[in-house]
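Contents: one structure, followed by commentary.
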Amino acid sequence: MDILSRGDGPLFVDPSANHARQFFSTKARALVDKVTTVAEAVRDLVHDGDYLAIGGFGCDRIPTAVTHEIVRQRKQNLGFAGHTATHDFQILCAGNLLGRGQTLARVDIAYVVGLEARGLSPHARRVMESGEVVCTEWSNYTLAVRLKAAAMGLPFLPARSLLGTDSFRRSAAQVIACPFTGERLAAIPALYPDVAAIHVHEADRYGNCRLRGTSVADLDLARAARKLIITCERLIPHEEIRQDPTRTVIPFFCVDAVCEVPYGSYPGNMPYEYFSDEEHLRRWLEAEREPETYQRFLDDYLFGVKDFAEYLHRCGGLPRLQQLRQQEFLLHRGR
Amino acid sequence: MDILSRGDGPLFVDPSANHARQFFSTKARALVDKVTTVAEAVRDLVHDGDYLAIGGFGCDRIPTAVTHEIVRQRKQNLGFAGHTATHDFQILCAGNLLGRGQTLARVDIAYVVGLEARGLSPHARRVMESGEVVCTEWSNYTLAVRLKAAAMGLPFLPARSLLGTDSFRRSAAQVIACPFTGERLAAIPALYPDVAAIHVHEADRYGNCRLRGTSVADLDLARAARKLIITCERLIPHEEIRQDPTRTVIPFFCVDAVCEVPYGSYPGNMPYEYFSDEEHLRRWLEAEREPETYQRFLDDYLFGVKDFAEYLHRCGGLPRLQQLRQQEFLLHRGR
Amino acid sequence: MNYNAMELMICCAARLLENGRTVAVGTGVPCAAAMLAQRTHAPDLVILFEAGGVAPQLPTMPISVGDSRTFHRAVMATSMADIMEACQRGMIDYTFLGGAQIDAYGNLNSTLIGNDYQKPKVRFPGSGGANDLASLCWRILVVTNHDPRRFVEKVDFLTTPGYLTGPGAREAAGLPPGTGPYRVITDLAVLGYHEQSCRMEILSLHPGVTREQVLKATGFALGVREPLELTSSPTATELRILREEVDPHRYIIGR
Amino acid sequence: MNYNAMELMICCAARLLENGRTVAVGTGVPCAAAMLAQRTHAPDLVILFEAGGVAPQLPTMPISVGDSRTFHRAVMATSMADIMEACQRGMIDYTFLGGAQIDAYGNLNSTLIGNDYQKPKVRFPGSGGANDLASLCWRILVVTNHDPRRFVEKVDFLTTPGYLTGPGAREAAGLPPGTGPYRVITDLAVLGYHEQSCRMEILSLHPGVTREQVLKATGFALGVREPLELTSSPTATELRILREEVDPHRYIIGR
C-alpha cells in the first residue's frame with residue numbers, strides 16, 4: 001500500500017491481526033467462574049512491561065480500585081493508553097518520581113495531565129515533563145479507532161482526523177489514499193492492549209456485563225484487550241443475564257477476572273449511582289503541588305491503605321457516599 | 001494506495017465520503033414530528049432508480065409494510081442490498097416479471113432467493129436467472145462492513161474475508177496490504193443507500209428508536225442511509241426515551257419518517273412479540289411455483305390490498321396474530 | 001439399534017465439537033449437532049449465530065439464523081458485525097457449512113450452476129455468512145450428502161474458501177494463518193484433509209459402506225488415510241437425546 | 001446594564017448557534033453558550049458531548065465531558081465513536097474549542113510549550129477530542145482570552161487543525177472539504193477569517209475596545225473586515241437567563 005506520509009511516533013504494541021489471533025485462540029471460552037479480588041486479579045493479570053488500558057472517561061465510570069492496586073503492587077514499566085485519562089492517569093503517575101520505581105514508561109496520549117474543568121495535575125505534569133516517559137500523540141477518536149480496529153480483529157482502520165497536524169507527525173499513523181475514491185485518509189494502527197480494566201454497573205460471575213449511560217470506548221476496549229479485568233458495582237445472578245440478553249454489552253469470553261467493587265468508580269462519577277467527589281479531587285490536586293505533601297497524602301490514601309474498602313472509609317465512608325448518591329440524583333446538593 | 005487485486009463487479013452506489021457528507025449536511029437535525037403513513041413515506045422518500053436497503057434478517061424484524069408498499073406503488077429500477085434477504089427479497093421480486101415493470105434492477109448479493117430452512121423461492125429464482133437484474137457478489141459480513149464504513153463516514157473499511165474466492169472476483173472489493181504489518185486485506189467500499197427501512201419495537205415521534213434482541217446490521221444501516229423510514233410496533237411518548245437514553249439505539253437525526261405499524265414484521269418473526277407465520281410463508285412459496293397461481297395469490301395478498309392492516313386481516317387477523325404471540329413465548333404451539 | 005443416515009451424520013458432527021469451545025452454526029443439521037454435543041460430552045460448548053445470538057439455550061430448532069430462538073435465554077443478543085468480528089479476532093473455533101458443490105480442497109459453491117454469472121442456469125442464495133465464517137473461524141466442518149454431482153473436480157463458482165488451490169494458498173490470499181477445512185461428514189463417510197497436499201481423504205467409512213462406494217460417489221481423486229477406520233454407530237443415549245430432546249418433531253432427522 | 005467580559009463572550013458565542021443545528025461542545029464556556037442559545041433563540045439546538053451524550057436537558061453545568069449530566073434526560077447515551085462518526089459523516093455543524101495558542105489560520109496548540117517533544121517545557125493535556133472535532137465538524141468556533149502570548153505567529157505544536165498553512169491546505173491534507181475555522185470570540189472582539197487568504201480578521205469590536213488594542217494583543221498581522229462592526233451588548237434577557245438558569249453558581253461567569 002502506498003504510504004503518502006508517516007508519523008514519527010513509536011508504536012508501543014504490535015498491531016498484527018495474525019499475532020493477536022494466535023493469542024485469542026488460547027483464551028478460555030467456557031462459562032467458568034471468574035470472581036476474584038482486585039489484588040489477585042492485578043497480581044495474576046498485570047505484569048511488569050505490560051501495555052495497559054483503562055475504561056471509562058478519566059473521572060467517569062473508572063475502575064479506581066484496579067489503578068490503586070497497580071500502583072500499590074509496584075507494577076513497573078507499563079505502557080498506557082491515555083484517552084481522556086484524568087484521575088486514572090493521576091493515580092498511575094503516583095508510581096513515578098516518588099521512589100517507587102517507574103510505573104509508567106510509555107504513553108499513547110490523547111488527553112493526559114489535565115482533569116478537564118478541574119485544572120491540571122501538578123504531579124502528572126512533573127512526570128510528563130521529566131522526559132522519563134516515552135510518548136506518542138493521538139486524539140480521543142483515533143485512540144478509540146485503534147481499539148476498534150483491534151476489536152474488529154484488524155491491523156488498522158482508516159479515519160479522517162489527525163491529518164495535517166503535529167499531532168499526526170508525533171503519532172504512529174500514516175496517510176493513505178482510499179483505493180476507491182482517492183480520498184486521503186489517516187491509517188490508524190490497531191491497539192491490542194495486554195491488559196485492560198473496565199468498571200461496569202452489573203456483571204455475572206462469568207463476566208457478562210451491563211452498563212448504563214455512555215459507553216465511551218469500553219465495548220471496543222473489552223474486545224481489543226488480550227486480558228480483561230472487570231470491576232462491577234454489583235454481581236448479579238447469571239439468570240438475570242439470560243432473562244434479557246439485549247442488555248449484555250460485554251460477553252463473558254472477553255473477560256478474565258470479575259471483581260465486585262461497590263462504589264468502584266469513586267472518587268469518579270458512576271452514572272445512575274453516585275456523583276464524583278469534587279472535594280476529594282480538589283484536595284488531591286492541592287496535595288500534588290508539593291512533592292512532600294503529596295507523598296504524605298498518598299501514604300494516607302493509597303500506599304498505606306490495605307484495599308479499596310479502606311480507601312472509601314478514609315474518604316468518609318458510607319455517609320459521604322450517601323451524599324454523592326443524592327447529588328447524582330439531584331435530590332440535594334449533598335453537603 | 002497499491003491495489004493488489006480487484007473484483008470485477010459493478011459498484012452501484014458512490015462510496016465517496018465527501019459526497020455523502022455534502023448530503024448529510026442538508027439533513028434536518030431538529031426534533032420535529034416525523035409521524036406519517038407508510039404510503040406517504042414510500043411516496044415521498046423512495047424514488048425510481050434509488051438504491052434501497054432493508055433492516056432485519058430476511059424473515060426477522062423486517063419492515064414488511066414498506067416492502068409491500070414499494071411494490072404496490074410500482075417503484076421502478078431500484079438497487080438493493082441483499083444481505084440474508086429472504087421474505088423481504090421475495091416481496092420485492094413481485095415487482096419483476098409480472099407485468100408491473102421492473103422493481104429490482106441492481107442487487108448487491110450476500111444471500112437472496114433462499115428462505116433459509118424453508119427452501120428456495122421459485123419466483124425470485126426466475127427473476128435472478130432472467131438476466132434482467134445486474135448483480136455484484138458479497139458476503140453477509142462484507143455487506144455489513146460496507147454499511148459500517150458508511151456509518152463511520154468513511155469511503156472504505158478493511159476486512160479479512162472474501163479473499164481468494166469467486167465471490168471476491170464478482171464483488172467490487174479490492175485487495176490491499178496493511179501499511180503497518182503487510183497483512184493482505186480486502187478493501188470493502190462504503191455503501192450509502194439512498195433510502196432504508198427498518199422495523200423496531202418502539203420509536204418516539206421524532207424517530208428515537210429502541211429494539212430488543214439481535215440488531216443484525218441495523219444500527220450501522222440507520223447511520224449509513226441517506227434517508228430512513230422507521231416502522232415500529234408501538235409509538236411511545238418522547239418522555240419515555242428521555243427516561244432511559246441508554247436504550248436508544250437509533251437517534252432521531254438519522255430518521256426521516258416514523259410509521260406505527262403493529263405486527264409490522266408479519267409474516268416474519270418479531271422477537272419478544274410474535275413468531276413468524278410459517279404456514280403463510282409456506283403457502284407463499286407454494287403459490288410461486290406457477291406464475292399464474294402466483295399472480296392470483298399476489299392479487300389477493302398484495303396488489304389488491306389497500307394497506308398493511310388489510311393484509312393482516314386477509315391473513316387471519318387478530319386471532320392468527322394471537323396464536324403467533326403464543327408461539328413466540330412458547331406458551332403453546334399456536335395451532 | 002436402528003438409525004438413519006441423517007442421525008448418524010448428526011452424531012458424527014456432534015462428536016467433533018470439543019467441550020469449552022465456540023462454534024458458529026446455521027439452522028438444520030449444524031444446529032442439531034451442536035445441541036446434541038451440549039447434551040452429551042460438551043455441556044460448555046458455546047453456540048453463536050451470525051445474526052447476533054451468543055450462547056442461547058435453544059428451546060427448539062431455529063428456522064432462521066436470526067429468529068428469536070437463536071437468542072432465547074442467550075447471554076448476549078448483539079449485532080452481526082460483533083459476531084463476525086469475534087470470528088475475525090480468532091475467538092471462534094468451529095463453523096459448520098454446506099453447499100451445492102465441494103471440491104477436493106474443500107472449496108464450496110452456494111452461488112450458481114452454469115458459466116454465465118449474470119445469467120446463471122441455476123441461481124442459489126450466495127455466500128450468506130459462509131464465506132466470512134470459512135475465512136475467519138479456525139476449523140471448517142461440512143455436512144453434506146455424498147454424490148458425484150456434489151463432490152466435483154471444479155466448483156462452478158468458488159463461493160466459500162476451502163484450501164483454495166492447495167497448500168499455502170489461503171495464507172497467500174491473505175486469509176488468517178492456521179484456519180481451514182477440517183472435516184466433511186457425509187452419508188457415506190467422515191473425511192479429512194491430507195496434511196501436506198490439503199486434498200480431501202477418507203478417514204472413516206460408515207457401517208456397511210465400502211471404500212469403492214465412496215470413491216465412486218466422488219467426482220475427484222480421493223485419498224484414504226490408513227488405517228481406514230469404521231465410523232462408530234450412534235449410541236443409544238445419543239439417539240434418545242437426538243430424537244426426544246433435540247429434534248422431537250423430526251424436522252431434520254425425518255428428512 | 002453591567003456585564004463582565006466572560007458574560008459578553010458567552011452571549012456572542014450563543015448568538016452564533018443557529019436553531020435546528022447540531023453542536024459538539026465541551027465543558028465550561030461552550031456548554032454555557034449552547035445552554036444559553038437553547039433558552040433564547042435556538043430551542044431546537046442539539047447538543048452533543050464527545051463521550052456519548054446526545055441532546056441532553058442539562059440540569060447544571062457538567063464538570064466533565066463524560067459525566068452523568070452530559071446525558072441527563074438525553075435522547076441517547078452512546079459511545080464516543082458513535083458521536084465522532086456522526087461528525088465524520090457530516091452530521092455535526094458546530095464545535096467549540098480552545099487552546100493555549102492560536103495562530104492566524106486558526107490552528108490550535110493544546111499539547112506543549114517548548115521545542116523538545118519528549119521533554120517539553122510545559123506539558124498540556126493534548127488533543128483530547130479537539131483534533132477530531134476540528135477535523136470533522138463543519139464550523140469551528142473558538143472562545144479564548146486575547147493576548148499576544150496566546151495569539152502567536154507560529155504555534156509551538158499544531159495540535160488541532162485550523163486552515164493549516166492557508167487556502168486549500170485542509171483539503172490537500174485530506175480533511176473534509178467545506179470544513180474549517182469560523183469564528184473566534186475573545187474578551188476584546190469577534191474575529192472571522194478572510195475568504196481568500198483564510199487569515200484571521202476582526203469582524204466586530206466589543207464596546208469600549210479599539211482596533212489598536214486588538215492589533216496590539218495579537219502576535220500576528222491581523223486583518224480587519226470593513227465595515228468593522230460593534231459587538232452588541234448582552235440583552236437583559238440574555239443576562240438574566242445566563243445568571244439565573246445557565247450558571248447560577250457563577251462557575252463560569254465568575255471567573
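Residue numbers begin at 1 in each chain, while the letters A, B, ... track the order of the sequences.
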One should read off an interatomic distance between D60(A) CG and T70(D) OG1, to the nearest 0.5 angstrom, of 7.5 Å

By a 4.5 Å heavy-atom criterion (distance strictly below it), what part of I109(A) contacts chain D: side chain, backbone, both, or neither?
side chain

Given A173(D), G128(D), G174(D), the one with more heavy-atom pairs under 4.5 angstrom with chain A than any other is G128(D)

Turns out that what part of A85(A) lies under 4.5 Å from chain D's heavy atoms comes down to neither

To check you understand the geometry: which heavy-atom pair defines the closest contact between D166(A) and L158(D), and what is its length?
OD2-N, 2.6 Å

Which atoms of S121(A) are under 4.5 Å from chain D, going by heavy atoms: the side chain, the backbone, both sets, or neither?
neither

Could you tell me the separation between the CZ atom of F124(D) and the OH atom of Y111(A), rounded to the nearest 0.5 Å?
11.5 Å

Locate the shortest heavy-atom distance separating L175(D) from R160(A); write the atom from each residue and the value.
CD2-O, 3.5 Å

Before you tell me yes or no, could you show the steps for E50(D) and F57(A) under side chain to side chain contact (heavy atoms under 4.5 Å, CB included), namely the whole-Å CA-CA distance, both residues' side-chain angles and the distance that decides it to 0.1 Å?
CA-CA 10 Å; E50(D) 67 180 71; F57(A) 197 77; 4.1 Å; yes

Counting only heavy atoms closer than 4.5 Å, note whether V145(A) contacts chain D via side chain, backbone, both or neither.
neither

Of the non-hydrogen atoms in K148(A) and A81(D), which two are nearest, and what is the gap between them?
CE-CB, 3.9 Å

Give the member of P125(D), S64(D), S135(D) that has the highest number of heavy-atom pairs under 4.5 Å with chain A.
P125(D)

How about CG on D116(D), more than 12 heavy atoms from neighbouring residues, nucleotides or ligands closer than 6.0 Å, or not?
yes

Tell me, side chain or backbone of P59(D) under 4.5 Å from chain A's heavy atoms, or both, or neither?
side chain

Under 4.5 Å, heavy atom to heavy atom, which residues of residues 112-119 of chain A contact chain D?
V112(A), V113(A), G114(A), E116(A), A117(A), R118(A)

What part of E278(A) lies closer than 4.5 angstrom to a heavy atom of chain D: side chain, backbone, both or neither?
side chain

Let me know which of D132(D), L133(D), T160(D) forms a side-chain contact (heavy atoms from CB on, under 4.5 Å) with S161(A).
D132(D)

Non-hydrogen atoms of chain A under 4.5 Å away: do they reach the side chain of T27(D), the backbone, both or neither?
side chain

Distance, nearest 0.5 Å, that separates CZ of F157(D) from CD of E137(A):
4.5 Å

Inspect the surroundings of CZ in R184(A) and state if more than 12 heavy atoms from other residues, nucleotides or ligands are less than 6.0 Å away.
yes

Flag the pair D67(D) / C59(A) as yes when at least one side-chain heavy-atom distance between them is below 4.5 Å, and no otherwise.
no

Scanning both residues in full, the closest heavy-atom pair of M128(A) with R123(D) reads CB-CG, 3.8 Å

Under 4.5 Å from a heavy atom of chain A, the part of V155(D) involved:
neither

Side chain Q118(D), main chain C135(A), donor-acceptor under 3.5 Å
yes

What part of S171(A) gets within 4.5 angstrom of chain D, counting heavy atoms only: side chain, backbone, both, or neither?
neither

What part of I63(D) is in contact with chain A, defined as an atom under 4.5 angstrom from a non-hydrogen atom: side chain, backbone, both or neither?
both

Of all of T111(D), L136(D), V122(D), N109(D), which one pairs up most often with chain A through heavy atoms under 4.5 Å apart?
V122(D)

Could you grab the distance from atom NZ of K119(D) to atom CD of E129(A), nearest 0.5 Å is fine?
8.5 Å

Hey, is the main chain of S139(A) close enough, under 3.5 Å, to the side chain of N131(D) for a donor-acceptor pair?
no

Examine distances only and state if a side-chain atom of T214(A) and a backbone atom of A77(D) form a donor-acceptor pair shorter than 3.5 Å.
no

Please classify the contact between A172(D) and chain A as side chain, backbone, both or neither, with a heavy-atom cut-off of under 4.5 Å.
backbone

Heavy-atom pair with the smallest gap, counting every atom of G129(D) and N140(A)
N-ND2, 3.3 Å

Establish, for the pair R69(D) and F275(A), whether the NZ or CZ atom is under 6.0 angstrom from the six-membered ring centre and no further than 45 degrees off its axis.
yes

Let's test your reading of the structure: which of G82(A), G213(A), G56(A) forms the most heavy-atom pairs below 4.5 Å with chain D?
G213(A)

Is it the case that over 12 heavy atoms from other parts of the model lie below 6.0 angstrom from the CZ atom of R149(D)?
no

Candidate pair Y141(A) and E85(D), rule side-chain hydrogen bond (donor to acceptor under 3.5 Å, both in side chains), full reasoning
CA-CA 9 Å; Y141(A) 180 54; E85(D) 287 154 12; 2.7 Å; yes

Using a cut-off of under 4.5 Å for heavy-atom pairs, which of G52(D), G126(D), G66(D) has the most such pairs with chain A?
G66(D)

How many angstroms lie between CE in M80(D) and CG in D220(A), if you round to the nearest 0.5 Å?
11.0 Å

Do the side chain of N269(A) and the main chain of S68(D) share a donor and acceptor less than 3.5 angstrom apart?
yes

Residue pair S127(D) / W138(A): nearest heavy atoms and the distance that separates them:
CB-O, 3.7 Å

Segment of V65(D) engaging chain A (4.5 angstrom heavy-atom cut-off)
both

